[in-house]
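Notes follow once the structure below has been shown.
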There are 2 protein chains.
Amino acid sequence: MELRKDIHSDGIPLLCESCQARHRGVCGALEPEQLIALAKASHKHVVKEGEELIGDAERIDVYSNVLSGVVKLTKTLSDGRQQIVGLQFAPDFLGRPFRKESSINAEAATDVSLCSFPKATMDRMMQEQPGLEHRLLQQALIELDDARDWMVTLGRKTAAEKVASFLMLIARNIDPSRDPERRAVTFDLPLTRADIADFLGLTIETVSRQLTRLRTDNVIRIENNRHVFVDDIRRLEARAGN
Amino acid sequence: MELRKDIHSDGIPLLCESCQARHRGVCGALEPEQLIALAKASHKHVVKEGEELIGDAERIDVYSNVLSGVVKLTKTLSDGRQQIVGLQFAPDFLGRPFRKESSINAEAATDVSLCSFPKATMDRMMQEQPGLEHRLLQQALIELDDARDWMVTLGRKTAAEKVASFLMLIARNIDPSRDPERRAVTFDLPLTRADIADFLGLTIETVSRQLTRLRTDNVIRIENNRHVFVDDIRRLEARAGN
DNA sequence: TCCCCGCGTTGACCTGGATCAAGGAAATGC
DNA sequence: GCATTTCCTTGATCCAGGTCAACGCGGGGA
């Protein structure tokens with residue numbers, strides 16, 4: 001715990017000082033002294049790609065903020081069919097208040113760096129600081145909007161539109177500091193083809209074919225299977241069929 | 001406004017006395033005097049089947065509790081393809097806090113009876129009564145769980161499983177007082193075949209064919225197109241493919 | 001260095017669900 | 001009472017995306 005109370009600015013713990021979650025995430029609702037208390041109980045750590053963060057039907061005893069990387073939330077049917085039901089980027093909050101158990105799996109899609117703290121500490125702070133719950137409600141509503149947007153993609157879009165929509169989603173989220181007016185975009189795909197398929201309700205082969213089509217139509221360029229170049233994001237958007 | 005302060009029990013407004021929303025809904029978080037204040041500003045009304053409650057990109061200036069009936073939440077792509085992204089049953093809360101505009105359409109799937117109150121009144125109460133926000137957070141998280149469950153249905157289930165899943169959903173929600181151990185269930189479908197198709201990401205024809213299949217396999221019986229009898233809900237559940 | 005092995009691509013073929021078309025039944029209007 | 005419309009069902013055909021199979025490529029271990 002690299003908390004050093006002697007070196008601070010406005011009483012902000014060093015741990016939190018450069019943390020995005022303090023501005024756009026849930027921690028922004030906390031008073032400096034609460035932030036200090038939470039920082040004391042929290043620790044930063046890295047989870048390797050492929051490792052599980054929260055198991056299905058497992059006890060949840062920590063909450064986390066995503067500091068970097070991408071977390072995938074998945075659900076699986078009894079016969080093994082899988083669906084990714086959400087992606088969490090920095091500085092999203094990870095955890096399910098008011099429930100002992102999670103109904104979904106959370107897994108590191110890339111190497112992920114997290115700031116975790118005990119559920120109990122957070123739950124206590126929620127009581128004394130209504131602003132915290134307010135932030136959580138905001139995040140929950142945003143996630144709900146996202147989930148419902150994605151339901152349209154899953155239920156009504158073609159494979160080609162699904163893949164374009166996915167690329168748009170990543171482009172929007174992977175680097176939030178990007179100038180939204182800029183037409184050329186480049187990013188690394190945080191998911192394998194199999195994950196993309198599970199996110200889109202398609203097979204690996206269909207995802208691959210649709211990516212090839214976008215490539216041959218010069219909408220995107222791909223290097224090393226993962227690195228994507230988009231010359232004009234509006235052409236990609238036009239293919240997402242909204 | 002049939003609020004009669006002379007006849008009350010524990011200061012509960014008559015309007016609210018028999019209201020489900022007071023127990024399981026958001027109003028349960030309110031103190032009697034707050035309930036009275038809210039009741040003063042609220043009014044019960046009925047919206048006919050097919051009428052729009054909240055238009056896409058329309059200002060939201062009221063919140064409502066659903067007292068009876070079913071509300072469908074829809075999203076539409078620019079070319080007209082539609083997806084139902086949620087169904088609201090009594091005593092669900094209807095409205096989107098923290099936003100001027102709605103990104104979804106809400107429409108009465110059946111005749112719906114609502115208890116509506118001005119957004120401003122509610123927003124003010126949220127400030128003075130953190131318990132309200134707590135309830136809203138709970139409802140939002142439940143809706144999020146539901147949405148994610150449905151994403152699995154949309155993305156990974158077959159048409160047959162989708163239709164069975166839909167019937168299970170209705171059976172579970174239409175009459176919450178039903179004994180969950182009871183195997184025989186009967187209910188009215190609150191949606192037309194077209195709506196069901198929009199909810200499941202299918203066409204009308206496919207929905208119809210799958211219903212006939214369930215019928216010929218003696219899993220369900222249908223009268224007057226809308227009234228469904230299930231002899232053994234476990235047989236239906238087995239077809240939902242979870 | 002070579003050999004896996006995991007990941008991605010591509011081709012050939014198949015099928016579940018979409019599309020197109022027809023018609024029945026119940027509700028609504030005149 | 002009849003015409004019209006809306007909702008639903010059923011059949012015939014089509015095609016987007018799934019399935020099966022082969023192969024290419026880059027990275028890691030012996």
Side-chain angles (χ1 to χ4, degrees), chain A residues 48-50 72 77 79-83 109-111 153-167 188-217 220-228 239 241, chain B residues 48-51 72 77 79-83 107 109-111 153-167 188-217 220-228 239 241:
Chain A
K48 284 285 182 193
E49 175 185 336
K72 58 180 189 192
L77 298 176
D79 62 1
R81 282 174 288 176
Q82 205 175 46
Q83 177 69 45
T110 64
D111 287 358
T153 300
L154 287 174
R156 288 302 185 198
K157 289 190 185 175
T158 64
E161 291 168 336
K162 284 180 177 183
V163 170
S165 299
F166 168 74
L167 294 175
D188 276 334
L189 290 177
L191 302 183
T192 64
R193 300 292 188 272
D195 283 338
I196 299 173
D198 281 346
F199 194 33
L200 295 171
L202 298 172
T203 58
I204 302 182
E205 293 92 329
T206 301
V207 171
S208 179
R209 279 188 251 270
Q210 296 303 334
L211 284 174
T212 318
R213 197 144 83 83
L214 286 174
R215 205 150 14 83
T216 57
D217 292 356
I220 60 172
R221 201 152 42 81
I222 302 185
E223 275 176 14
N224 300 325
N225 280 339
R226 289 289 191 115
H227 201 68
V228 177
R239 301 230 175 183
Chain B
K48 284 284 182 197
E49 175 184 335
E51 278 175 36
K72 59 181 188 193
L77 297 177
D79 62 1
R81 280 174 290 176
Q82 207 176 43
Q83 176 69 44
E107 190 182 318
T110 64
D111 287 357
T153 301
L154 288 174
R156 289 301 185 198
K157 289 190 185 175
T158 64
E161 291 168 336
K162 284 180 177 183
V163 170
S165 300
F166 168 74
L167 293 175
D188 276 335
L189 289 178
L191 303 184
T192 65
R193 301 292 187 272
D195 283 339
I196 299 173
D198 281 346
F199 194 33
L200 296 171
L202 298 172
T203 58
I204 302 182
E205 293 93 328
T206 301
V207 171
S208 180
R209 278 187 251 270
Q210 296 302 334
L211 283 173
T212 352
R213 196 144 83 86
L214 286 174
R215 205 149 16 83
T216 56
D217 292 356
I220 60 172
R221 202 153 40 83
I222 302 184
E223 275 177 15
N224 300 325
N225 280 339
R226 289 291 191 113
H227 201 68
V228 178
R239 301 229 175 187

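Values below: all heavy atoms of this structure, side chains included; hydrogens, waters and symmetry mates excluded. Within every chain, numbering begins at 1; the chains are lettered A, B, ... in the order of the sequence lines, protein sequences first and strands thereafter.
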Using a 4.0 Å heavy-atom cut-off, does G50(B) contact any base of the nucleic acid, only the sugar-phosphate backbone, or nothing at all? nothing
Contact between K157(B) and L77(A) at the side-chain level, heavy atoms closer than 4.5 Å - yes or no? yes
Could you state the interatomic distance from CD1 (I196(A)) to NZ (K72(A)), rounded to the nearest 0.5 Å? 11.0 Å
Rounded to whole angstroms, how far apart are NE2 on H227(B) and P on dA26(C)? 17 Å
Given 3.5 Å as the limit, does a donor-acceptor pair link the side chain of R193(A) with the main chain of N225(A), or not? yes
With the threshold set at 4.0 Å, does a side-chain nitrogen-carboxylate oxygen contact exist between D188(B) and R226(B)? no
Mind listing the N/O atom pairs, protein and nucleotides 6-11 of chain C, below 3.5 Å?
residue	atom	partner	partner atom	Å
dG8(C)	OP2	R193(A)	N	3.1
dG8(C)	O3'	N225(A)	OD1	3.4
dT9(C)	OP1	R193(A)	NH2	3.2
dT9(C)	OP2	R193(A)	NE	2.8
dT9(C)	OP2	S208(A)	OG	2.8
dT9(C)	O5'	S208(A)	OG	3.1
dT10(C)	OP2	T212(A)	OG1	2.8
dG11(C)	N7	R209(A)	NH1	2.9
dG11(C)	O6	R209(A)	NH2	3.4

With sequence neighbours excluded, what pairs up with R156(B) under the salt bridge (Lys or Arg N to Asp or Glu O under 4.0 Å) test? D198(A)
Whole-Å distance, E49(B) CD to dA27(C) P, equals 13 Å
Of all nucleotides in DNA chain D that come within under 4.0 Å of a heavy atom of chain B, which is furthest toward the 5' end and which toward the 3' end? dC8(D) to dA12(D)
Has E161(B) got a side-chain atom pairing as donor or acceptor with T158(B)'s backbone, closer than 3.5 angstrom? yes
For the CG atom on N224(B), are there more than 12 heavy atoms of other groups (residues, nucleotides or ligands in this structure) within a distance under 6.0 Å? no
Considering all heavy atoms of both residues, which atom of A160(A) and which atom of R213(A) are nearest to each other, and what is their separation? CB-NH2, 3.6 Å
